[in-house]
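Note on naming: letters A, B, ... go to the chains in the order of the sequence lines (proteins, then strands), and numbering restarts at 1 for each one. Predicted, not measured: the structure shown is a model, and the values here were computed from it.
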Amino acid sequence: MDFDKDLDARGLNCPLPILRAKKALGEMTTGQVLRIVATDPGSVKDFEAFSKQTGNALLEHSAAGKEFTFFFKKK
Amino acid sequence: MDSLTLLAFARGPMLVIAIAVFVLGILWRLFHLLWRPSKPDLSEPRSTAVVRGALGAIVTRMWHHKTFRERTLAGTLNAYAYHIGLAIVFFGFVPHIAFIERLTGLSWPAVPGWLFATAVAAVFVGLVYALMVRLTSPVLRLLSDFDDYASWVITILPMITGMAVLSLALDSPYPAQPLYPAPLAIHLLSVELLLIWLPFGKLSHAFLVFISRGATGAAFARKGASL
Amino acid sequence: MSAARITVGTADLDHPLDLTSPRLSVEKPAVRYDTQGDRTDSDRLAAAMAAFSQDFGRDAATWLESCIHCGNCAEACHFYLTTRDPKYTPIWKLEPFKRAYKREAGPFAWLYKAMGAKSKVSVAELEEWQALIYDACTLCGRCTMVCPMGIDIASLVGLARHGMSQAGLVPHELWAVSERAAREGSPLGATPKVLKERLAWLADENEVDMHVDLPQAEVLVTFSSIEIMKYPQSLVATARVMNHAGYTWTISSAGYEATNFGMLAGNAEWQKRMTMKMIDAAIACQAKIVVLPECGHAYSAMRWQGANMLGRPLPFKVLHVSEFLAENIASGRIAVTTVGRSVAFHDPCQVSRRGGATQAPRDVLKALGVELRETRDSGDLNFCCGGGGGVIANHRADEIRYKAFVIKMAQMDATGADEMVTSCSNCRQSFDDGQSHFRWDRKMGSLLELVADHLAGPEGIGATARQVATAP
Ligand code: SF4
Ligand code: SF4
């Protein structure tokens with residue numbers, strides 16, 4: 001999937017990936033896509049909740065090994 | 001007791017008692033505070049402008065810091081609305097001025113009718129809103145005690161009884177002889193209740209606000225810290 | 001926890017440097033009991049009440065009588081904001097003390113007494129409230145900034161702790177560090193012996209002159225035991241700066257510990273004992289200036305309460321090290337080179353908001369030529385690191401402390417600054433601990449160390465006194 005911005009949140013614990021995502025999305029324009037890579041297993045649930053709360057669509061998420069990748073579309 | 005005797009009582013002995021309790025109550029609270037021990041602070045002050053600090057705090061604390069605005073703006077605006085409203089109703093309404101003139105000989109021009117009406121509305125809406133917030137916010141529900149609710153009732157009572165007098169007197173707003181002595185007496189008694197309660201409950205913030213802000217303002221000025 | 005303890009020489013084996021654990025504290029006692037001493041409940045209550053009434057001076061009484069229950073203070077407190085639990089509303093933490101005041105010393109106490117009303121505050125209740133005034137208050141004073149009545153809630157919490165301490169109701173870990181400080185001279189085992197060993201090693205390792213126990217000096221330098229045990233580079237930085245500025249300065253093994261856990265626990269006697277050690281040491285060497293270390297509450301304890309402990313004005317000037325740096329940079333006695341990075345500064349509450357020295361670190365950073373990126377709430381409205389007021393010493397508070405720290409991380413991240421610095425080693429260890437808990441990829445630095453690393457010219461330029469350490 002194409003994306004406009006990449007956020008490396010590997011190694012960070014909850015709620016840091018969320019905080020970083022919020023900040024990154026804040027700097028983007030509507031329709032742009034943000035990719036996030038995280039390692040905290042809690043981040044899957046967190047990002048789903050984050051998407052519901054903020055209205056930024058979670059386009060896709062996947063897990064590979066210990067890494068989780070998320071694609072968000074900025075509202 | 002007929003209504004004229006009740007009015008005479010409310011205007012006479014009861015008024016004297018209420019004002020006496022009001023004044024003595026406030027004096028006692030001030031005296032009690034001043035009488036508390038206060039150790040001199042021997043640390044080297046960064047600034048000696050403590051009086052300016054105290055007065056400064058009294059003024060600056062009339063508005064919140066920008067960072068708190070989001071969370072305190074509604075409450076602050078509402079408080080201003082009913083405080084200013086109460087002042088306008090109390091000091092700006094013709095019969096009230098006449099009443100004060102009879103007692104003290106002092107008088108001043110009344111506010112225009114539209115302003116009075118707005119003030120009345122602001123007080124009612126403001127007080128009801130304040131009560132609603134108090135009853136629904138978890139923080140305020142936890143903090144609130146008998147004093148908070150009693151003070152709310154005692155503050156709104158004169159407004160309600162006053163409206164009753166006003167609505168009855170609409171045809172003849174300012175008669176030489178009160179047309180409806182009973183409602184007027186009740187209105188007066190409710191104001192006297194407010195006067196008697198004020199020094200003791202939370203309404204005492206009317207005068208404590210100056211000392212409390214002043215004390216902190218002075219202490220902070222001494223340290224060179226801003227408030 | 002102690003994977004990489006660095007030991008220095010053989011003499012230091014008993015007192016290993018602990019550079020790796022994110023924070024220093026007394027380990028959790030096996031049995032948890034947070035009352036001290038063996039006495040009856042009624043005894044405890046009487047002691048607490050007597051102490052409360054004593055502390056209810058004019059200002060405290062005014063504040064206790066003035067609350068209008070508006071709830072605004074909740075919106076300023078990091079513990080409420082991050083938990084939304086109403087019990088963390090600042091003024092609510094004082095509820096039993098307000099009630100005690102009303103009955104014992106308020107304007108109508110005589111009425112309560114005439115009616116034979118017994119105090120409604122019980123020991124069980126006080127024990128419960130312990131968790132609020134010790135675990136959930138860092139004495140940061142942010143709530144004071146929002147209260148429309150101008151009530152200084154932080155001061156009241158500090159006073160309420162006196163009664164709790166009198167009654168033997170202090171959280172045990174906080175009590176234990178305070179007791180150790182009163183007994184050994186340092187809360188974390190930085191005894192005079194450890195200090196001297198440490199200084200000798202640091203002087204040698206870093207080739208820097210250290211002055212210990214000079215009979216006479218212009219400046220008496222003091223430390224926080226957190227620096228001695230965890231951030232020894234701060235000691236080196238202090239020496240570098242002093243040598244560079246050319247002061248005759250000394251460290252005194254009789255009075256070097258500037259932290260004051262007795263004050264944080266609410267034990268006035270221990271507080272006085274710690275403070276008097278430094279005052280006596282300063283008088284002994286005829287110091288004109290006492291420089292306090294990068295520690296927030298040390299500043300409150302000496303700068304604002306020291307003279308009151310002595311009972312007369314202090315015969316010397318008291319400066320926080322950030323003030324000392326600012327003054328000497330302004331006078332040209334300290335020259336610095338340019339850092340050329342962007343920096344976010346974390347204000348230690350007790351130095352900035354409650355100490356009045358908010359501007360000093362900013363002047364220093366300006367001289368260093370950094371681009372200062374302020375957080376959303378900075379300076380006097382800064383959020384606390386969450387570990388002040390003795391909270392970080394108390395493991396029971398970990399959960400809410402980490403929650404509160406999230407505000408700090410978010411605000412620091414938002415600045416996008418290259419570096420973070422502060423001028424309090426206690427804040428610094430809160431940050432280190434939060435960093436390891438959240439695996440945050442940012443590290444808090446020290447303003448003093450930043451200056452020491454950017455002194456212009458070879459260290460010691462302009463030095464008038466280059467003496468070797470003398471330890472009698
Ligand atoms: S002093 Fe700080 S921690 Fe304590 S109640 Fe106030 S805002 Fe909260
Ligand atoms: S902000 Fe001040 S007046 Fe309001 S509840 Fe808190 S302490 Fe009381």
Side-chain angles (χ1 to χ4, degrees), chain B residues 28-29 31-44 46-47 57-58 61-62 64-68 70-72 75-76 79 133-134 137-145 147-148 200 202-205 208-209 211-227, chain C residues 54 56-63 65-76 80 84-87 89 91-92 95 105-108 141 144-152 155 303-308 310-314 317-318 352-358 376-377 379-381:
Chain B
W28 166 243
R29 292 210 54 179
F31 170 80
H32 171 263
L33 281 178
L34 286 178
W35 220 242
R36 304 279 330 151
S38 162
K39 285 185 209 135
D41 189 344
L42 301 167
S43 64
E44 188 201 345
R46 203 189 295 275
S47 153
I58 291 172
R61 209 29 79 86
M62 290 171 81
H64 42 228
H65 290 283
K66 204 171 115 212
T67 184
F68 302 122
E70 247 173 77
R71 300 178 176 279
T72 56
T76 308
V133 175
R134 191 167 286 288
S137 142
V139 166
L140 290 182
R141 281 218 334 237
L142 182 68
L143 289 183
S144 300
D145 55 16
D147 188 359
D148 294 293
F200 306 105
K202 74 180 282 200
L203 298 180
S204 56
H205 73 273
L208 289 177
V209 64
I211 322 179
S212 180
R213 283 184 192 171
T216 308
F220 271 58
R222 198 170 186 289
K223 293 200 276 189
S226 55
L227 249 182
Chain C
Q54 246 181 42
F56 294 142
R58 193 184 296 159
D59 285 357
T62 305
W63 293 325
E65 290 184 30
S66 296
C67 177
I68 51 169
H69 289 171
C70 72
N72 280 3
C73 46
E75 305 295 345
Y80 172 76
R84 295 269 146 202
D85 187 336
K87 77 177 181 206
T89 302
I91 198 70
W92 181 251
E95 186 63 18
F108 306 106
T144 303
M145 305 303 281
V146 75
C147 173
M149 295 296 287
I151 298 170
D152 191 7
S155 281
R303 176 65 179 88
W304 300 116
Q305 297 191 31
N308 299 328
L310 179 64
R312 62 187 160 90
L314 298 174
K317 199 168 157 186
V318 179
S352 291
R353 173 165 46 241
R354 303 197 59 80
T358 318
R376 176 182 184 269
D377 300 293
D380 299 325
L381 291 162

Measure distances from C:Arg303 to the heavy atoms of chain B and classify the residue's part below 4.5 Å as side chain, backbone, both or neither.
both
Using non-hydrogen atoms and a 4.5 Å limit, figure out which bit of C:Ala105 sits close to chain B: side chain, backbone, both or neither.
both
Structural part of B:Arg134 lying under 4.5 Å from a heavy atom of chain C
side chain
Counting heavy-atom pairs under 4.5 Å with chain B, the top scorer among C:Ala357, C:Ala307, C:Pro313, C:Gly311 is C:Ala307
Which one of C:Asp59, C:Asp85, C:Ile68 has the most heavy-atom pairs closer than 4.5 Å to chain B?
C:Ile68
Among C:Asp377, C:Asn308, C:Thr89, residue most engaged with chain B (heavy-atom pairs, under 4.5 Å):
C:Asn308
Residues forming a side-chain hydrogen bond (donor to acceptor under 3.5 Å, both in side chains) with C:Asp380, sequence neighbours excluded:
B:Ser226, C:Thr358
Work out which heavy atom in C:Pro148 is nearest to a heavy atom in C:Asn72; give both atom names and the distance.
CD-ND2, 4.0 Å
Could you tell me which of C:Gly106, C:Cys67, C:Ala76, C:Gly141 has the largest number of non-hydrogen atom pairs under 4.5 Å with chain B?
C:Gly106
What distance do C:Met149 atom CE and C:Glu65 atom CD have between them, rounded to the nearest 0.5 Å?
10.5 Å
Would you call B:Leu33 and B:Leu208 a side-chain contact if the rule is heavy atoms closer than 4.5 Å?
yes
Would you say the side chains of B:Arg222 and B:Ser47 form a donor-acceptor pair under 3.5 Å?
no
With a 4.5 angstrom heavy-atom cut-off, which part of B:Phe31 approaches chain C: side chain, backbone, both or neither?
neither
Contact part of B:His65 toward chain C, heavy-atom cut-off under 4.5 Å: side chain, backbone, both or neither?
side chain
Looking at B:Leu42, B:Asp41, B:Ile211, which has the largest count of heavy-atom pairs under 4.5 Å with chain C?
B:Leu42
When the 4.5 angstrom heavy-atom criterion is applied to C:Ala74 and chain B, the contacting part is side chain
Listed partners of C:His69 passing side-chain hydrogen bond (donor to acceptor under 3.5 Å, both in side chains), at least two apart
B:Asp148, C:Lys98
Any idea which of B:Arg71, B:Glu44, B:Glu70, B:Lys66 has the most non-hydrogen atom pairs under 4.5 angstrom with chain C?
B:Arg71
Atom pair OG1/CZ of B:Thr216 and B:Arg61 - distance to nearest 0.5 Å
8.0 Å
Identify which part of C:Ile151 has an atom lying under 4.5 Å from any heavy atom of chain B, answering side chain, backbone, both or neither.
both
With the side chain counted from C-beta on, respond yes when B:Leu143 and C:Trp92 share a heavy-atom pair under 4.5 Å apart, and no when they do not.
yes
If we only count heavy atoms from C-beta on, is the B:His64 to C:Met145 side-chain gap below 4.5 Å?
no
Most contacts with chain C, counted as non-hydrogen pairs under 4.5 angstrom, among B:Ala215, B:Gly224, B:Ser212, B:Ala225
B:Ser212
Looking only at B:Lys202, B:Lys223, B:Arg213, the option with the highest number of non-hydrogen pairs under 4.5 Å against chain C is B:Lys223
Counting only heavy atoms from other residues, nucleotides and ligands, does the tally under 6.0 Å from CZ of B:Arg141 exceed 12?
no
When you compare the side chains of B:Arg29 and B:Ser204, does any donor N or O come within less than 3.5 Å of an acceptor on the partner?
yes
Identify which part of C:Thr144 has an atom lying under 4.5 Å from any heavy atom of chain B, answering side chain, backbone, both or neither.
both
Can you tell me how far NZ of C:Lys87 sits from CG of B:Leu142, rounded to the nearest 0.5 angstrom?
10.5 Å
Does any heavy atom of chain C fall under 4.5 Å from the side chain of B:Leu140, the backbone, both, or neither of them?
side chain
Sort B:Ser144 into side chain, backbone, both or neither according to what part of it lies under 4.5 angstrom from a heavy atom of chain C.
backbone
Go through C:Ser66, C:Ala60, C:Gly306 and name the one with the most non-hydrogen pairs under 4.5 angstrom from chain B.
C:Ser66
Need one label for C:Tyr80: side chain, backbone, both or neither, based on atoms under 4.5 Å from any heavy atom in chain B.
side chain
Quick one: of C:Ser352, C:Gly150, C:Pro107, C:Cys147, who has the most non-hydrogen atom pairs under 4.5 Å with chain B?
C:Pro107
Measure C:Arg84 against the heavy atoms of chain B and call it side chain, backbone, both or neither at under 4.5 Å.
side chain
Inter-residue atom distance C:Phe108.CZ - B:Trp28.CH2, 0.5 Å rounding
8.0 Å
Just so I understand: if I count every heavy-atom pair under 4.5 Å between each of B:Ile58, B:Asp145, B:Thr76 and chain C, which residue has the most?
B:Asp145
Flag side-chain contact, heavy atom, 4.5 Å: C:Asp152 against B:Phe220:
yes
